[in-house]
A.B. asks: 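Please read through the structure below; I'll follow up with questions.
In this chain, numbering begins with 1 at the start of the sequence shown. Read the numbers this way: they start at 1 and go in the same order the structure lists the ligands and their atoms.
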Amino acid sequence: MSLIYLLPSILEESRSEYQEIKNSIPGGRSFCPVERINHTEEESASLLARGDNLEFIQYLIREKELEGKIQLIYMDPPFYSKASYDAVIKLKSPLVDDSPAIKPTAYDDLWKTGMEEYLRMLCVRFFFIRDLLAEEGCFWVHLDWHVVHYVKILLDEIFGEDRFVNEIIWNYKSGGTGKRNFSRKHDTLLFYGKSKKYYFQPLQEKSYNRGYKPYRFKGVKEYKDELGWYTMVNMKDVWQVDMVGRTSAERTGYATQKPEQLLSRIVESCSRPGDLCADFFGGSGTLAATAEKLGRQWISCDVGGIATASSLKRMSVKKSTFTLLETEADEQSEELKVSLETEPIEFTDKKLVTVTLKGYDLDLRHIPLEGKDREVIKKFRKKDPLQLLEYWSVDFQYDGKIHNPQFSFPKEKDRIEKVCRQIGYNINKISIRAVDVFGNSTLTILQAGV
Ligand SMILES: C[S@@+](CC[C@H](N)C(=O)[O-])C[C@H]1O[C@@H](n2cnc3c(N)ncnc32)[C@H](O)[C@@H]1O
């Protein structure tokens with residue numbers, strides 16, 4: 001049956017599913033905080049979660065009481081492209097000579113029963129997103145030609161036609177060309193307000209004068225740069241922003257990573273400093289990174305291990321304060337090998353405590369790789385396994401409940417720190433949490449008794 005006839009049932013069945021979930025007693029796996037990363041004294045509501053976003057949204061509503069509290073929700077879901085996307089991971093070590101970049105699958109955009117299944121997945125989430133938004137809240141969904149036309153119809157029904165604010169065309173240069181079509185060089189973003197009172201701060205952009213010459217109109221401010229004369233005008237709905245370049249400092253290697261410049265426009269125009277901004281298809285954490293830069297609190301969720309490891313590293317490098325959540329974990333089968341040394345400090349009752357990473361035993365069943373890429377991992381596992389880590393952290397005052405590290409070490413410039421020192425007394429239990437490039441995590445607890 002043609003999809004146009006299926007839209008009403010997609011909408012109604014998704015609405016029933018949403019209502020059923022809302023009225024049900026919580027079941028299944030819940031989320032729990034596994035690490036609290038504090039880089040500032042101030043409290044922060046920022047959260048990074050690994051798990052399915054529909055379950056996570058329920059957790060936010062039930063346990064965090066966030067209904068009606070989120071100012072901005074941006075989502076960049078799979079586009080119904082019927083493809084799989086890789087992450088490019090470059091591992092380097094002086095102990096491993098030949099180490100080409102590996103390309104594990106980061107996520108699949110494959111739908112067994114077609115577009116209907118895909119639209120149902122989105123639609124039920126749209127209902128919950130509407131509930132999470134504050135009265136002045138804004139919702140953005142980032143798509144392209146594959147499904148944006150159908151999604152616009154569904155959102156007009158869920159949010160109300162009169163809550164539609166803008167269709168933004170994001171135009172870029174990169175990507176392929178076609179022989180039988182014009183080159184596809186844009187994505188489409190739909191912007192809705194939760195209510196008519198949605199918050200919006202217009203942004204400005206340059207508008208070059210005809211011929212780049214001055215107009216000299218009375219009362220109009222004109223400026224000049226290397227191209228010529230221009231005025232400042234309210235930003236239009238077609239945005240030229242470059243994709244993240246190969247050599248860009250913000251490049252994470254995660255497939256379909258969006259540029260911070262694009263997200264900055266959304267965050268700046270639709271939220272105020274201190275507001276809560278969320279992304280439930282977080283990928284490498286671009287919304288989180290941008291929100292952090294602009295002084296907003298953020299929530300980012302992704303079901304994938306590579307995405308979570310990548311966001312964790314990214315936000316740790318930015319010295320962000322946030323809580324990491326995971327669903328109740330399966331038994332841990334990776335092992336981090338560490339040594340602990342304590343030395344008295346002369347003329348004091350304090351001791352120097354040193355934690356050193358010695359090795360990492362990755363369970364090969366947890367590697368989503370085949371062929372040559374798998375061989376690269378096996379080589380690293382044997383010769384320099386610590387290079388497989390993306391991040392680790394140490395809590396010298398572990399309370400037996402939550403890992404609350406005083407020191408965290410993201411991998412930076414292909415290098416992972418191996419030693420952590422602390423001077424103190426009354427150090428009893430030490431917890432060390434490590435996350436590898438695939439998102440597998442280990443928690444190791446040591447008895448120091450210092
Ligand atoms: C297009 S990517 C997002 C890229 C991101 N905006 C960035 O800049 O890196 C879509 C993401 O949605 C995630 N995803 C798909 N289904 C999900 C689900 N049910 N729950 C949580 N995340 C999901 C995928 O793992 C993938 O990382």
A.B. asks: Sequence neighbours left out, what pairs pass ring-ring contact (aromatic ring centres under 6.0 Å, His included) with at least one residue falling in residues 267-318?
C.D. replies: Trp298-Phe322

A.B. asks: Not counting sequence neighbours, list each pair that qualifies as a salt bridge (Lys or Arg N to Asp or Glu O under 4.0 Å) and has a residue in residues 278-297.
C.D. replies: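 Pairs touching residues 278-297 that pass the test: Glu260-Lys293.
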
A.B. asks: Quick one: are Leu119 and Leu3 in side-chain contact, heavy atoms under 4.5 Å?
C.D. replies: yes

A.B. asks: Can you see whether Asp395 engages Gln406 through a side-chain donor-acceptor pair at a distance of less than 3.5 angstrom?
C.D. replies: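 Looking only at side-chain atoms, Gln406 and Asp395 do form a donor-acceptor pair, the distance falling under 3.5 Å.
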
A.B. asks: Could you report the tightest heavy-atom contact between Pro405 and Arg36, atom names first, then the distance?
C.D. replies: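 Shortest heavy-atom contact: CD-O, 3.1 Å.
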
A.B. asks: How about Thr327 and Glu55: does a side-chain donor come under 3.5 Å of a side-chain acceptor?
C.D. replies: no

A.B. asks: Within ligand 1, which atoms have a heavy atom of Asp52 less than 4.0 Å away?
C.D. replies: 18 (C), 19 (N), 20 (N)

A.B. asks: Check for me whether Tyr85 has a heavy atom closer than 4.0 Å to any atom of ligand 1.
C.D. replies: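 Per 4.0 Å heavy-atom rule, Tyr85 does not contact ligand 1.
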
A.B. asks: Counting heavy atoms only, which part of Arg125 comes closer than 4.0 Å to ligand 1: side chain, backbone, both or neither?
C.D. replies: side chain

A.B. asks: What residue and atom, counting heavy atoms only, is the protein's closest point to atom 11 (C) of ligand 1, and at what distance?
C.D. replies: Asp302 OD2, 3.5 Å

A.B. asks: Do the two ring centres, one from Phe409 and one from Trp392, sit under 6.0 Å apart?
C.D. replies: yes

A.B. asks: Identify, by atom number and element, the atoms of ligand 1 in contact range of Gln257, meaning under 4.0 Å from any of its heavy atoms.
C.D. replies: 7 (C), 8 (O), 9 (O)

A.B. asks: Quick one about Arg314 and Ser320 (side-chain donor to acceptor, distance below 3.5 Å, no hydrogens or angles considered), yes or no?
C.D. replies: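 Distance-only check fails for Ser320 and Arg314.
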
A.B. asks: Establish, from distance only, whether the side-chain atoms of Gln257 and Thr252 form a donor-acceptor pair under 3.5 Å.
C.D. replies: yes

A.B. asks: Is Gly282 in contact with ligand 1, taking contact as a heavy-atom separation below 4.0 Å?
C.D. replies: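 Under 4.0 Å: yes for Gly282.
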
A.B. asks: With only distance considered, is Asp279 within less than 3.5 Å of ligand 1 through an N or O on each side?
C.D. replies: no

A.B. asks: Does Gly51 come within less than 4.0 Å of ligand 1, judged by its heavy atoms?
C.D. replies: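 True for this residue.
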
A.B. asks: List the closest protein heavy-atom neighbour of atom 4 (C) of ligand 1: residue, atom name, distance to the nearest 0.1 Å.
C.D. replies: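 Heavy-atom neighbour on the protein nearest atom 4 (C) of ligand 1: Asp76 OD2, 3.3 Å.
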
A.B. asks: Can you tell me the protein heavy atom closest to atom 9 (O) of ligand 1 and the distance?
C.D. replies: Ser284 OG, 2.7 Å

A.B. asks: Could you list which atoms of ligand 1 come closer than 4.0 Å to a heavy atom of Lys258?
C.D. replies: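 In order of numbering, the contacting atoms are 6 (N), 7 (C), 8 (O).
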
A.B. asks: If you measure every N/O of Thr286 against every N/O of ligand 1, is any gap under 3.5 Å?
C.D. replies: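 Such a contact does occur with ligand 1.
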
A.B. asks: For atom 27 (O) of ligand 1, which of the options Tyr254, Phe280, Phe281, Tyr74 provides the nearest non-hydrogen atom?
C.D. replies: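 Going through Tyr254, Phe280, Phe281, Tyr74 one by one, Tyr254 has the nearest heavy atom to atom 27 (O) of ligand 1.
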
A.B. asks: For Tyr107, is at least one N or O under 3.5 Å away from an N or O on ligand 1?
C.D. replies: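 The answer is no, given that Tyr107 and ligand 1 share no N or O pair closer than 3.5 Å.
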
A.B. asks: Can you check whether Val303 has an N/O within less than 3.5 Å of an N/O in ligand 1?
C.D. replies: yes

